[in-house]
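The chains referred to below are lettered A, B, ... by the order of the sequence lines, with proteins before strands, and numbering in each begins at 1.
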Protein chains: 2
Amino acid sequence: MKKLEGKASGSSDVVTSDVTHVSDATLRQFMGYHMKRAFNIIQSDLGRTLKPFDLRMLTYTALVLIVDNPGLRQSQLADAMDVERPNLVVIIDELERRELIVRDRVPTDRRAYALKVTLTGRQLYEKAVAAVTAHEEQLLQQLDGDTRQIVIAALKTIETNRGKA
Amino acid sequence: MKKLEGKASGSSDVVTSDVTHVSDATLRQFMGYHMKRAFNIIQSDLGRTLKPFDLRMLTYTALVLIVDNPGLRQSQLADAMDVERPNLVVIIDELERRELIVRDRVPTDRRAYALKVTLTGRQLYEKAVAAVTAHEEQLLQQLDGDTRQIVIAALKTIETNRGKA
DNA sequence: TATTGTTATACTCTATAACTATA
DNA sequence: TATAGTTATAGAGTATAACAATA
C-alpha cells in the first residue's frame with residue numbers, strides 16, 4: 001500500500017477529517033487485494049515487454065502453448081488458457097492474420113482445427129520468450145528460488161480450489 | 001494447468017498431431033502466467049461472494065477503504081486503489097447513489113470531497129467483510145499461515161518493483 | 001444429441017485527453 | 001500555474017446465447 005502524503009491539517013486541531021495516511025488495515029489480510037495489485041503491475045509491465053513484438057499477454061500465451069503443443073485444437077487451447085471459446089477466436093484470428101500460426105484441418109474431425117506455428121511464429125516465439133524471461137528476472141530479482149516456488153505452488157493451490165469457495 | 005483429456009489417437013500411429021495432454025513447459029516458470037490464472041479465479045469467486053451484497057471487487061475495496069479512512073478524498077482513494085481518477089468517479093457515484101457513502105465538502109478546500117460511510121454503508125461493510133473473510137478462508141484453507149505471509153510479502157515485493165522491469 | 005468453431009452482444013475494467021472550479 | 005473532480009471516449013478482457021457444420 002502506498003503511503004499517501006496528504007496535506008497536513010496545519011497546526012490547528014479544528015480540521016479533524018483530513019486523512020494524511022491511508023490505512024488498509026481491513027484489506028491487508030485479503031489475498032485477493034494483494035493479488036489484484038500485483039497482477040495489475042505484472043500485466044502492465046509485461047505489456048511493455050511484449051510491445052516490441054506486437055504481442056499482448058493473451059496472444060503471447062496462445063503462441064507459446066501452440067509452439068509447445070503442435071496440433072492443439074482451439075477448444076483445448078481455450079481450456080488451457082482459461083478463456084471462453086468465443087474469446088479465443090479473435091486471438092487465433094490475430095495470430096493467423098500475422099502468419100505466426102496456421103489453422104490446419106484435422107482429417108479425423110472436420111469440425112476442428114489443428115493449430116501449428118509457422119517459421120515466422122517460431123522466430124517471434126524465441127525472441128519473445130527471451131524478453132519475458134529477462135523481464136521476470138528483473139521483476140522477481142529480490143525473491144529467492146525457494147520463495148518463488150512457494151508462491152507458484154500457492155497459486156496452483158488456489159487454482160485447485162476453484163469454485164469450492 | 002488443467003490436464004486435458006483429448007481424444008486418444010487410437011491404436012494406430014498414423015495420426016501424429018493429436019494432442020492428448022497440453023504441456024505448459026515454457027510457461028510453467030513464469031510468475032505472470034500463474035498469477036493471472038489465480039487472480040482470475042479469485043476475481044470470479046469473489047464476485048460470487050459479493051453478489052448478494054450487490055458489490056464488486058472495486059466497490060467493495062472502495063467501501064472498505066472509506067470505512068477505514070473517514071474523510072478520505074477521491075484522489076487519495078484512487079491512488080490507494082491503483083485506479084485512475086476518472087474510473088473512480090463511477091465507483092463513488094454508485095456507492096453514493098445507494099446511500100452507502102456521502103460526499104462531504106472539505107471546508108478548507110472546496111475542490112475536494114471528504115468521503116464518509118453512512119450507517120447503511122457501515123452495516124453492509126460488516127456483512128460483506130465477514131463474507132469475504134469466510135470466502136478467503138475456504139479458498140486458502142490448504143495454505144498455512146506462514147505460506148500466506150510469504151505469498152503476501154512476495155506480492156508486495158512485486159508491487160515495489162513496479163516499473164523497474 | 002453433442003461438440004467445434006463462430007457471430008453477436010454486453011458488461012467490466014482500464015487508460016487518456018480535455019473540461020470546470022477552485023487553489 | 002497547478003490540483004480535485006468530472007466528462008467523454010476508446011481499448012482490452014470476460015461472459016453468455018445462439019448458430020452452422022460435423023460427429
Identify all side-chain donor-acceptor contacts of residues 122-129 of chain A below 3.5 Å with residues at least two apart in sequence or on another chain.
{"residue": "Tyr125(A)", "atom": "OH", "partner": "Asp68(A)", "partner atom": "OD1", "Å": "3.4"}
{"residue": "Tyr125(A)", "atom": "OH", "partner": "Thr26(B)", "partner atom": "OG1", "Å": "3.1"}

- Task: Would you mind reading off the distance between Leu55(A) atom CG and dA12(D) atom C1', rounded to a whole angstrom?
- Result: 15 Å
- Task: Could you tell me whether Glu99(A) atom CD has more than 12 heavy atoms of other residues or ligands within 6.0 Å of it?
- Result: no
- Task: Send over the distance from Ile41(A) CD1 to dC13(C) P, rounded to a whole Å.
- Result: 18 Å
- Quick one: Phe39(A) CZ to dT14(C) C1', roughly how many Å, whole number? 12 Å
- Taking ring-ring contact (aromatic ring centres under 6.0 Å, His included) as the test, write out the residues that go with Phe39(B), two or more places apart. Phe39(A)
- Item | Whichever of Arg110(A) and Val90(A) has its nearest DNA chain D nucleotide further upstream toward 5' | Val90(A)
- Item | Residues that Leu58(A) engages under side chain to side chain contact (heavy atoms under 4.5 Å, CB included), provided they are two or more places apart | Met81(A), Val83(A), Ile91(A), Lys36(B)
- Interatomic distance, Leu88(B) CG vs dA15(C) C1' [rounded to whole Å]: 14 Å
- Query: What is the distance, rounded to the nearest whole Å, between atom CG of Asn40(A) and atom C1' of dT12(C)?
  - Reply: 13 Å
Can you give me the N/O atom pairs linking the protein to nucleotides 4-7 of chain C at distances under 3.5 Å, or say none if there are none?
{"residue": "dG5(C)", "atom": "OP1", "partner": "Gln74(A)", "partner atom": "N", "Å": "3.1"}
{"residue": "dG5(C)", "atom": "OP1", "partner": "Tyr113(A)", "partner atom": "N", "Å": "3.1"}
{"residue": "dG5(C)", "atom": "OP2", "partner": "Ser75(A)", "partner atom": "N", "Å": "2.6"}
{"residue": "dG5(C)", "atom": "OP2", "partner": "Ser75(A)", "partner atom": "OG", "Å": "3.1"}
{"residue": "dT6(C)", "atom": "OP1", "partner": "Arg103(A)", "partner atom": "NH1", "Å": "3.0"}
{"residue": "dT6(C)", "atom": "OP2", "partner": "Gln74(A)", "partner atom": "OE1", "Å": "3.2"}
{"residue": "dT6(C)", "atom": "OP2", "partner": "Gln74(A)", "partner atom": "NE2", "Å": "2.8"}
{"residue": "dT6(C)", "atom": "OP2", "partner": "Arg103(A)", "partner atom": "NH1", "Å": "2.9"}

- Message: For dT12(C) and Lys36(A) - does any side-chain N or O of the residue sit under 4.0 Å from the phosphate oxygens OP1/OP2?
- Response: no
- Note on the structure: Apart from Ile150(B) itself, its cluster of hydrophobic side chains linked below 4.5 Å comprises Ile150(A)
- Glu94(A) CD to dG11(D) C1', in whole Å, measures 13 Å
- Could you state the CG-C1' distance from Asp79(A) to dT14(D), rounded to the nearest angstrom? 16 Å
- Item | Partner residues of Arg85(A) under the side chain to side chain contact (heavy atoms under 4.5 Å, CB included) criterion, sequence neighbours left out | Ser75(A), Ala78(A)
- Item | Between C1' of dC11(C) and CD of Glu84(A), the distance in whole Å | 14 Å
- Under a 4.5 Å cut-off applied to non-hydrogen side-chain atoms, are Lys156(B) and Arg28(A) in contact? yes
- Task: Indicate, with a heavy-atom threshold strictly under 4.0 Å, whether Leu58(B) touches base, sugar-phosphate, or nothing.
- Result: sugar-phosphate
